[in-house]
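Worth saying up front: this structure is predicted, and the values here are computed from it rather than measured.
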Amino acid sequence: MAPVGLGLVGAGGFATFLAEAAATLPSVSLRAVADPRPDAARRLAGTHAARATGSWQDLLTDGTVDAVVVATPPADHATIATAALEAGKHVFCEKPLALDDAAARDLVAVVERTERVLVVDHVLRYNPLLRALAGLRGSLLGPVQRFCFENDASDEDLGPNHWFWDEARSGGIFVEHGVHFFDAAAMLLDHEPTSVGAVEARRRHGAVDLVSATVMHGGDTLATHTHSFTHAHRCERQLMRLDCGPAEVRVEGWIPVHAVVDAWTDEAGLEIAEGLPDRVPELFDVPGFRLGPAAGIRVSGRRDAAAPGARGRGVALDVPHHVRVELTLGGHDAKPAAYAESVRAALTDLVSSITDGGRPRSGVREGAAAVAVATAATRSARNGRVEPLAPTHVPVH
């Protein structure tokens with residue numbers, strides 16, 4: 001089968017990163033690069049034997065382009081994606097899908113009407129550690145009762161005139177960056193989000209650089225999301241925490257490379273934990289993601305570490321055994337490779353959905369659902385009210 005021809009919109013740093021990931025896949029071929037900066041377009045196109053153009057509209061009539069890859073600042077995503085779909089092209093869209101809920105819903109309708117494939121680059125859906133944790137729900141991990149993500153990110157490369165601070169171009173922190181983690185919560189929790197309340201803080205020159213949102217999922221699960229862009233690169237910190245009652249999960253890095261499960265469990269749970277190292281190929285399986293040699297699972301624990309009887313959240317528990325499970329892609333040094341492999345896996349998902357007619361793991365409905373939470377969080381931070389969220393009916397993968 002001939003490779004899927006890609007037309008890349010954008011020739012900046014992230015577009016270059018995407019092109020490098022695509023170059024490792026024989027199932028795709030970069031055919032054209034569009035950017036209003038001629039030198040940037042020619043430079044990136046020349047590296048990959050593609051043609052350069054100054055107008056993304058040229059890609060819509062290019063017969064060698066099967067799918068348009070949108071790697072521009074967020075304000076252009078919905079416009080370019082819609083035009084590409086209407087022209088009969090498939091779409092790979094960098095997050096966020098759109099700047100607001102209405103535009104995202106419109107894109108859902110366009111995808112369903114045109115019957116084209118749209119993949120949103122929510123890289124966490126293609127991370128083997130999070131896929132493994134999702135696979136352990138209902139066995140070693142019970143339902144998540146609290147999800148927590150804390151992101152102390154760097155602003156060293158975000159000068160006062162950077163488009164990131166212009167909400168008309170970026171959508172603000174919840175939309176531009178938070179969609180990754182609203183989507184991760186949707187993947188890992190058992191209930192859809194039903195409401196969100198949020199607050200924000202501003203730095204001295206006026207830009208919002210610290211936000212926090214609390215999202216209710218169903219009637220019994222809370223998720224908190226805090227993002228700050230206030231740190232030096234060397235001081236960045238990220239932590240995702242899942243409270244599953246008798247089990248706690250801690251995931252390091254916004255690109256997850258290391259996770260620890262600390263669990264009190266019963267005999268069945270202990271048996272599951274002890275068998276996890278042999279299940280790495282199954283649990284870490286994400287098509288298109290090439291695991292490094294350091295990827296694996298290590299288990300330690302104590303049988304009968306405490307009396308069996310216990311209670312939590314008003315429920316009787318039989319959890320006498322204590323286990324610790326470490327899941328790794330190679331630790332901190334593996335982050336660049338894990339990021340690239342997640343993008344590679346998302347592109348693989350695009351190709352397989354085009355050729356097989358299946359639903360992508362991170363499609364237009366997942367993208368729209370994350371934008372809905374993000375825009376509601378932004379409204380809540382401005383108006384001081386808890387914002388209700390309508391059901392999204394996103395299928396569970």
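Distance check: T79 OG1 to L99 CG gives 9.0 Å after rounding to the nearest 0.5 Å. The line from CG of L347 to CG of D121 is 7.5 Å long, rounded to the nearest 0.5 Å. Note that the CG atom of L242 and the CG atom of L189 stand 7.5 Å from one another [nearest 0.5 Å]. With rounding to the nearest 0.5 angstrom, the CG atom of L97 is 7.5 Å from the NE2 atom of H122. In this structure, CD in Q145 is found 10.0 Å from CG in L222, a value given to the nearest 0.5 Å. Considering CZ of F229 and CD of E236, their distance stands at 8.5 Å, rounded to 0.5 Å.
In terms of modelled atom types and a separation under 3.5 Å, the side chain of S362 and the main chain of V120 share a donor-acceptor contact. Counting only distance, with no hydrogens or angles, the side chain of R137 and the backbone of L141 share no donor-acceptor pair below 3.5 Å. Judged by distance alone, with hydrogens and angles left aside, the side-chain atoms of K335 form no donor-acceptor pair with the main-chain N or O of V257 at under 3.5 Å. Of the possible polar contacts, one joining the S154 side chain to the H231 backbone as a donor-acceptor pair under 3.5 Å is found. Although no hydrogens or angles enter the test, the distance criterion places a donor-acceptor pair under 3.5 Å between the side chain of T194 and the main chain of M216. Judged by distance alone, with hydrogens and angles left aside, the side-chain atoms of D58 form no donor-acceptor pair with the main-chain N or O of T53 at under 3.5 Å. Under a 3.5 Å cut-off, the side chain of Y339 and the backbone N or O of V123 do not form any donor-acceptor pair. Between the side chain of D209 and the main chain of S228, no donor-acceptor pair closer than 3.5 Å is present. Side chain of R237 to backbone of C235: a donor-acceptor contact under 3.5 angstrom is found. Proximity of a side-chain donor or acceptor of S380 to a complementary backbone N or O of A376 within less than 3.5 Å is not detected.
Here the closest non-hydrogen pair linking V373 and P193 is CG2-CG, 3.8 Å. Between P277 and E274, the closest heavy-atom pair is CD-O, 3.5 Å. Residue R359 comes nearest to R365 through the heavy atom pair NH2-CB, 4.3 Å, listed as atom of the first residue, atom of the second, then distance. Of all the heavy atoms in V91 and A81, the pair that sits closest is CG2-O, 3.8 Å. Summarising the geometry of L6 relative to A22, their closest heavy-atom pair is CD1-CB, 4.0 Å, with the distance given to 0.1 Å. Here the shortest heavy-atom pairing between T375 and D100 reads CG2-CA, 3.4 Å.
In the model, H77 has no side-chain atom that pairs as donor or acceptor with a side-chain atom of E94 under 3.5 Å. With no hydrogens or angles considered, no side-chain donor-acceptor pair links H162 and D157 at under 3.5 Å.
In the hydrophobic cluster analysis, where Ile, Leu, Val, Met, Phe, Trp and Tyr join through side-chain heavy atoms closer than 4.5 angstrom, L18 is grouped apart from V9. The cluster map of Ile, Leu, Val, Met, Phe, Trp and Tyr, joined by side-chain heavy atoms under 4.5 Å apart, puts V28 and F289 in the same cluster. In the hydrophobic cluster analysis, where Ile, Leu, Val, Met, Phe, Trp and Tyr join through side-chain heavy atoms closer than 4.5 angstrom, L30 is grouped together with V343. Taken together through direct or relayed side-chain contacts under 4.5 Å among Ile, Leu, Val, Met, Phe, Trp and Tyr, V4 and Y126 form part of one hydrophobic cluster. Under the 4.5 Å side-chain heavy-atom criterion for grouping Ile, Leu, Val, Met, Phe, Trp and Tyr, V119 is not connected to V371 through any hydrophobic cluster.
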Full working for side-chain contact (heavy atoms from CB on, under 4.5 Å) between H322 and D262: CA-CA 8 Å; H322 188 211; D262 189 287; 3.0 Å; yes
Show your reasoning for whether side-chain contact (heavy atoms from CB on, under 4.5 Å) applies to S170 and W165. CA-CA 7 Å; S170 70; W165 304 116; over 6 Å; no
Which is it for I80 and T72 under the side-chain contact (heavy atoms from CB on, under 4.5 Å) test, yes or no, and what are the steps along the way? CA-CA 9 Å; I80 297 172; T72 66; 4.0 Å; yes
Can you check side-chain contact (heavy atoms from CB on, under 4.5 Å) on H321 and D304, steps first, answer last? CA-CA 5 Å; H321 313 309; D304 297 320; 3.2 Å; yes
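More than 12 heavy atoms of other residues, nucleotides or ligands lie within 6.0 Å of CZ in R382, so this atom counts as buried by the packing criterion. R290 CZ: more than 12 foreign heavy atoms inside a 6.0 Å radius. Within a 6.0 Å sphere centred on CD of E271, heavy atoms belonging to other residues, nucleotides or ligands number 12 at most. By the 6.0 Å contact criterion, CZ on R385 is open, its count of non-hydrogen atoms from other residues, nucleotides or ligands being 12 or less. In this structure, E282 places its CD atom where more than 12 heavy-atom neighbours from other residues, nucleotides or ligands lie under 6.0 Å away. Atom NE2 of H332 is surrounded by 12 or fewer heavy atoms from other residues, nucleotides or ligands within 6.0 Å. Within 6.0 Å of CZ on R113 lie more than 12 heavy atoms contributed by other residues, nucleotides or ligands.
Counting heavy atoms from C-beta outward, L329 and N127 have side chains that approach closer than 4.5 Å. In this structure, the side chains of E167 and E176 stay at 4.5 Å or more apart for every pair of heavy atoms. Here the side chains of R131 and D285 are not in contact, with every heavy-atom distance at 4.5 Å or above. Side-chain contact check for E150 versus T224: every heavy-atom pair is 4.5 Å or farther apart. With a 4.5 Å cut-off on side-chain heavy atoms, F181 and H227 count as touching. Put simply, the side chain of L350 does not reach to within 4.5 Å of the side chain of P360, judged on heavy atoms. For the pair E267/R303, a side-chain contact is recorded, criterion being any heavy-atom separation below 4.5 Å from C-beta on. Taking 4.5 Å as the limit, every side-chain heavy atom of T64 sits out of range of all side-chain heavy atoms of R51.
The aromatic rings of F14 and F17 lie tilted to each other, with the angle between the two planes from 30° to 60°. Under the 30°/60° scheme for interplanar angles, the aromatic rings of H225 and F147 are found to be tilted. Note on ring orientation: taking the six-membered ring where Trp is involved, the planes of H177 and W254 are perpendicular (angle over 60°, cut-offs 30° and 60°).
Ion pair R250/E252 not flagged as a salt bridge, since none of the NZ, NE, NH1 or NH2 atoms sits closer than 4.0 Å to an Asp/Glu carboxylate oxygen. Electrostatic pairing of D183 and K95 does not count as a salt bridge here, judged by no charged N lying under 4.0 Å from a carboxylate O. In summary, R361 and D349 do not engage in a salt bridge, as defined by a charged side-chain N under 4.0 Å from a carboxylate O.
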